[in-house]
Amino acid sequence: MAEKIIMFFRYYVPRFLCPNLSFRISRPSNRHYGNLNHNDTQTQVSVKPKPSSFITDTEIQSEFSHHAPGIARINNGSFGCCPASVISSLHQWQLKLLCQPDDFYLNELPNRILESRTVIKDLINAEDVEEVSIVDNVSTAVAIVLKQTAWSFVEGKFDKGDAVIMFRCTYGAVKNSIKAYFLRAGGYAIEVPFNFPVTSNEEIVSEFKTALRREKGIGRRVRLAVIDHVTCMPSFVMPVKELVKICKEEGVEQVLVDAAHAVGCVDVDMNEIRADFYTGNLYKWFFCPPAVAFLHCRKSVMTHLDLHHPVVSHDYGNGLVKETGWVGTRDYSPYLVLPSVMEFVNRFEGGAEGIRNRNHDAVVEMGKMLAEAWGTNLGCPPEMCSSMVMVGLPACLGVLSDEDAMKLWELLCKKFGVEVKIHYQNPKDGELAPITGYVRICHQIYNKFEDYCRLRDAINQLVRDGFNCGNLEIMRPEEVGPTNDR
């Protein structure tokens, strides 16, 4: 309770009364799992920290003290996290809206959205802020892109049987959008398989190139490619630059990169990736509240494609940026906290890059620790990991289907207080003693070594107890809650 009172007076009262007030923050200790050192020194600094003074581990935990206690929250990839200082900013924007809605919606909102779009433009190294639209999530952005492909079939620009190419691991909601827009309009879907565990970028590139050239060889025209930057399940970093380059060389007309997990998790640079469309969530790994995302469309693409928000509102026909900036009366405050998020990120040594490196190194270390404890392996080399790692589960747990994976997920959550994703992997033909169950662990700045020890010990206990998924009944949907997360 005392810690929450301190947080209230530290962030809410001073920032509300004196937004330009300086305050004290601290240099972080060298944080090594298994050997935690605490060497914190206090320095008086402005809101944007000097290189000699950064946030401490204690302050990090205070920023996330609203998280439910007693839970090993190692599934940040699904729904993300939002620090207290950003929540404070969110509440202030909500109050400002409610105090005088007419003035806020008509006069202030467009400028504040432009400010946030500018932050995103710099964050992803886009050429022009007019290439950046803010949307609520990646699903909306995907619908914007796929809706125009459906109209291309209707208007005769695409022919029946023209194809979209994607990987088999493409996220389920994105696949549903492809069904709803592209396939329903007369298109054809190519799914590229790959072996998991993954051993190198080269095998991903080879599978993609083979599938693309095979379809072209039988005369099929590939109109759209959908490529993940960081895959959901199983999770690893795709060689997105090479895949986009192959698409351009092979004549694929449009390339959409689903980067739901990318920003805050891996390096993102529009000038290097050069996809036609690139969309990412900002509430997963970049500390925004739900729901904030963006769609980047290259200027050369926007000039010849008829792109529209799925919700038709007053700005229909005035350009995608305006359409996405106003989809009717709603709470736009999550869109407006990007400057506050940048303040928070800049309290860390190295800023966004420093956070990415810290999370990557920690999650790889924790993944190796778990694999050693269970006698298994990682799902990909460390260089193909982001802030998420796949770790093989002991085969004796009997994860032999997607339903079994759901059973184990439920058990870990309900009995052991561990929030984590479980993946079922089909064994390869002829594979002896295969690992068919994998756990996806995440690391975000609030995580502690003890979170991963809880998962390790829970699995070890299940193994000692002779647990097998085949002997456990699955809970009813109403007992579980939503599972259509990434």
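Position 1 is the first residue of the sequence; numbering continues from there.
Classification of the Phe64-His66 ring pair by plane angle, with boundaries at 30° and 60°, yields tilted. Ring-plane geometry between Phe348 and Phe344 is classed as perpendicular, the angle between the planes exceeding 60 degrees on a 0 to 90 degree scale with a lower cut at 30.
The two residues Lys368 and Pro382 come nearest to each other via the heavy atoms CE-CG, 4.2 Å. Of all non-hydrogen atoms in Asn201 and Pro239, the two that sit nearest each other are OD1-CD, 3.7 Å. Of all heavy-atom pairs between Met388 and Ser235, the closest is CE-OG, 3.2 Å. The minimum heavy-atom distance between Val263 and Trp285, with the atom names listed, is O-CB, 3.4 Å. Of all non-hydrogen atoms in Pro427 and Thr436, the two that sit nearest each other are CD-CG2, 4.0 Å. Across all non-hydrogen atoms, the minimal contact from Leu90 to Pro334 is CD1-N, 3.6 Å.
Looking at heavy atoms from C-beta onward, Leu378 lies out of side-chain contact with Pro197 at the 4.5 angstrom threshold. Two residues are said to be in side-chain contact when any heavy atoms from C-beta on lie closer than 4.5 Å; Asn76 and His443 fail this criterion. No side-chain heavy atom of Val292 sits less than 4.5 Å from a side-chain heavy atom of Phe286. Within the 4.5 Å cutoff, the side chain of Leu97 has no heavy atoms near those of the Gln94 side chain.
By the 4.0 Å N-to-carboxylate-O rule, Asp57 lies close enough to Arg358 to be salt-bridged with it. Electrostatic pairing of Asp451 and Lys448 does not count as a salt bridge here, judged by no charged N lying under 4.0 Å from a carboxylate O. Glu115 has a carboxylate O that lies under 4.0 Å from a charged side-chain N of Arg112, or vice versa, which qualifies the two as a salt bridge.
The distance from atom OG1 of Thr279 to atom CG of Asp258, rounded to the nearest 0.5 Å, is 7.0 Å.
The backbone N or O of Leu462 sits nowhere less than 3.5 Å from a side-chain atom of Asp465 that would complete a donor-acceptor pair. Under a 3.5 Å cut-off, the side chain of Asn281 and the backbone N or O of Ala293 do not form any donor-acceptor pair. With hydrogens and angles disregarded, no donor-acceptor distance shorter than 3.5 Å links the side chain of Arg117 to the backbone of Phe294. A donor-acceptor pair under 3.5 Å is absent between the side-chain atoms of Thr376 and the main chain of Pro394, judged by distance alone.
In this structure, Arg456 is not positioned above the aromatic face of Tyr452 in the sense of NZ or CZ being under 6.0 Å from the six-membered ring centre and within 45° of the axis.
For the 3.5 Å distance criterion, the side chains of Tyr283 and Asn137 fail to qualify, holding no donor opposite an acceptor. Remark: the Gln61 side chain and the Ser65 side chain contain no N/O donor-acceptor pair separated by less than 3.5 Å. Counting only N and O atoms by type, the side chains of Thr231 and Asp228 include no donor and acceptor under 3.5 Å apart.
Considering Tyr424, Phe167, Tyr438 in turn, Tyr438 is the only one that fulfils the ring-ring contact (aromatic ring centres under 6.0 Å, His included) rule with Phe196.
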Which donor-acceptor pairs under 3.5 Å do side chains of residues 265-272 form with protein atoms, sequence neighbours excluded?
residue	atom	partner	partner atom	Å
Asp269	OD1	Asn125	ND2	2.9
Asp269	OD1	Asn271	N	2.9
Asp269	OD1	Glu272	N	3.3
Asp269	OD2	Asn125	ND2	3.1
Asn271	ND2	Asn125	O	3.3
Glu272	OE1	Lys241	NZ	2.6

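Residues passing the ring pair (Phe, Tyr, Trp, His ring centres under 6.0 Å) test with Phe194 are Phe236, sequence neighbours excluded.
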For this session: Just do the salt bridge (Lys or Arg N to Asp or Glu O under 4.0 Å) check on Arg347 and Glu63 with the steps written out, would you?
Result: CA-CA 12 Å; Arg347 293 170 65 193; Glu63 284 277 11; 2.7 Å; yes

